[in-house]
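Down below is the structure, laid out as structure tokens.
Every chain is numbered from 1, with letters handed out A, B, ... down the list of sequences.
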There are 2 protein chains.
Amino acid sequence: MKLETRKEQIIKISTILFKEKGFSAVTMRDIAKAMGIKAASLYNHISSKQEILSNIIIALAEEFTEGITQIKKASSSSVDKLNSIVELHVNITSNNSFGMASLNNDWMHLEEKLEYYLKLRLDYEQDFRQIIERGIANHELQDSNAEVMLFSMLSTLRSLYIWIPNKEDLNPSKLSSDLSRVLLKGIIK
Amino acid sequence: MKLETRKEQIIKISTILFKEKGFSAVTMRDIAKAMGIKAASLYNHISSKQEILSNIIIALAEEFTEGITQIKKASSSSVDKLNSIVELHVNITSNNSFGMASLNNDWMHLEEKLEYYLKLRLDYEQDFRQIIERGIANHELQDSNAEVMLFSMLSTLRSLYIWIPNKEDLNPSKLSSDLSRVLLKGIIK
DNA sequence: GAATGTAACTAACAAGTGTTAGTTTGTATT
DNA sequence: AATACAAACTAACACTTGTTAGTTACATTC
């Protein structure tokens, strides 16, 4: 039970506000009001509005990078790797559904960290793509358009942040397995 | 070959800018500059920044509403209805991939039209849900979590605006059929 | 008790925001 | 030539933006 630093509290509250209205529409005065202090006081803990956004997005992006790195080097089947990716997204999103909104919608407002973020994202997509392509090559997956498969899975997984908070009864491991079934086996009988 | 009104030109350019940086981060001066005029001149054609956003979003939302209304009343199978929904999204998004960004990310900045938009969206989702539930009831679809099926399909379809512009070689009818196959039949062999 | 560090405050800044008022320019119609 | 209209302009408004400077209050440490 470690105490949150003041900076962490600011980031946490900002994350919620950023999801509601987007980074650009949230002012430092909005954040300060939500913290119960004045805007100028925020600068005792953070150095800019930018820094808040970077903290939110980069932390999440690195979590995904770590996750897929583990999955990649496992010796499991392609299908099991895809299951693990679904689980990875469900877990990260369950723990930080607000931050995922910024990751998805406000990454273009990163400035110094933009390039780094884009590299992480590209690498992630490339790893994901490769898992699918291996699955096709070794006949675990259907021999159809890999790019569409990637797009379809990734879109669904990236949108989880919209749905997870609305389902209070949510059990992450049940959601993972339901989602895996739908994504991998489809919905037709 | 009808000429575009000045207002339509403003909306078209704004749509592109809104996709790049989001509604809140785009200023009237940005829009004016892209039009080659001064910000004040915009007001000869539109009455507020809000109005531009409303025009973009509501037009698209109504297109989806019309589309699903047609699909709903057709006498086709549930699976064919789902194929038609995929086609509907691919077509609308192909014609207006920029506007779809606003629809997805900036709807919360609608003011007078917010309530109306939310009703359209809720009704659309309800129609979509009902098609899936009927498909389960008549054994066309697997008897598993309808909500997850809806979520998965809708997330993918709503994200099309991100991918379509990146694929120049895009053939809408091929994309529709590839996507339908993946969404409905899954990717596992 | 003096010194230090944390975290708040007030006040203000320069720049940017959406928008309005009033005016000018060019083109088409009478 | 006179009129009307569309569409641009300049100038300014009231307000909001992120951020800085300098100060104060309080607790902890020496």
* Neighbours of DNA chain D within residues 41-57 of chain B, by heavy-atom distance under 4.0 Å -> B/Ser41, B/Asn44, B/His45

* **Test item: A/Phe128 and A/Leu157 side chains (from C-beta on) under 4.5 Å apart, heavy atoms** => yes

* Before giving the answer on side chain to side chain contact (heavy atoms under 4.5 Å, CB included), spell out for B/Ile187 and A/Leu183 the whole-Å C-alpha distance, their side-chain angles and the decisive distance to 0.1 Å. => CA-CA 7 Å; B/Ile187 67 178; A/Leu183 290 175; over 6 Å; no

* Which residues in residues 13-28 of chain B have at least one heavy atom lying under 4.0 Å from any atom of DNA chain D? -> none

* **All pairs passing salt bridge (Lys or Arg N to Asp or Glu O under 4.0 Å) where residues 135-155 of chain B contributes a residue, at least two apart** => A/Lys167-B/Glu147, B/Arg129-B/Glu147

In a table with atom names and distances, give each donor-acceptor pair under 3.5 Å that connects a side chain of residues 65-76 of chain A to protein atoms at least two apart or in another chain.
{"from": "A/Thr65", "atom 1": "OG1", "to": "A/Ala61", "atom 2": "O", "distance (Å)": "3.1"}
{"from": "A/Thr69", "atom 1": "OG1", "to": "A/Thr65", "atom 2": "O", "distance (Å)": "2.7"}
{"from": "A/Lys72", "atom 1": "NZ", "to": "A/Asp127", "atom 2": "OD1", "distance (Å)": "3.3"}

* Asked: Which residues pass the side-chain contact (heavy atoms from CB on, under 4.5 Å) test with B/Asn104, sequence neighbours left out?
  -> B/Met100, B/Arg158, B/Tyr161

* Do the ring planes of A/Trp163 and B/Phe151 sit parallel (below 30°), tilted (30 to 60°) or perpendicular (above 60°)? -> tilted

* **Residues forming a ring pair (Phe, Tyr, Trp, His ring centres under 6.0 Å) with A/Tyr124, sequence neighbours excluded** => A/Phe64, A/His89

Listing time: all N or O pairs from protein to nucleotides 24-29 of chain D that are below 3.5 Å?
none

* Minimal non-hydrogen separation, B/Glu20 against A/Met108, with atom names -> O-CG, 3.5 Å

* side chain to side chain donor-acceptor pair (under 3.5 Å): which pairs involve residues 31-45 of chain A, sequence neighbours left out? -> none

Give the table of side-chain donor-acceptor pairs shorter than 3.5 Å for residues 110-122 of chain A, with sequence neighbours excluded, one pair per line with atom names and distance.
{"from": "A/Tyr116", "atom 1": "OH", "to": "A/Glu62", "atom 2": "OE2", "distance (Å)": "2.5"}
{"from": "A/Lys119", "atom 1": "NZ", "to": "A/Asp123", "atom 2": "OD2", "distance (Å)": "2.7"}

* Asked: Do A/Asn145 side-chain atoms and B/Asp178 backbone N/O form a donor-acceptor pair below 3.5 Å?
  -> no

* Nearest heavy atoms of A/Asn138 and A/Ser78, plus distance in Å -> ND2-OG, 3.6 Å

* **Short side-chain N/O contact from A/Arg29 to OP1 or OP2 of D/dT19, under 4.0 Å** => no

* Structure fact -> So the contacted stretch of DNA chain C, first to last nucleotide with an atom under 4.0 Å from a non-hydrogen atom of chain A, runs from C/dA7 to C/dA12

* **Pairwise side-chain contact, A/Ile92 with A/Leu160, heavy-atom cut-off 4.5 Å (strictly under)** => no

* How does the hydrophobic cluster around B/Ile16 look, that is, which other residues are in it when side-chain heavy atoms under 4.5 Å mark a link? -> B/Phe98

* Asked: Does any N or O in the side chain of B/Lys81 come within less than 3.5 Å of the main-chain N or O of B/Gly135, such that one atom is a donor and the other an acceptor?
  -> no

* **Angle of first-five versus last-five pair axes in the helix from C/dG1-D/dC30 to C/dA28-D/dT3, to 10 degrees** => 10°

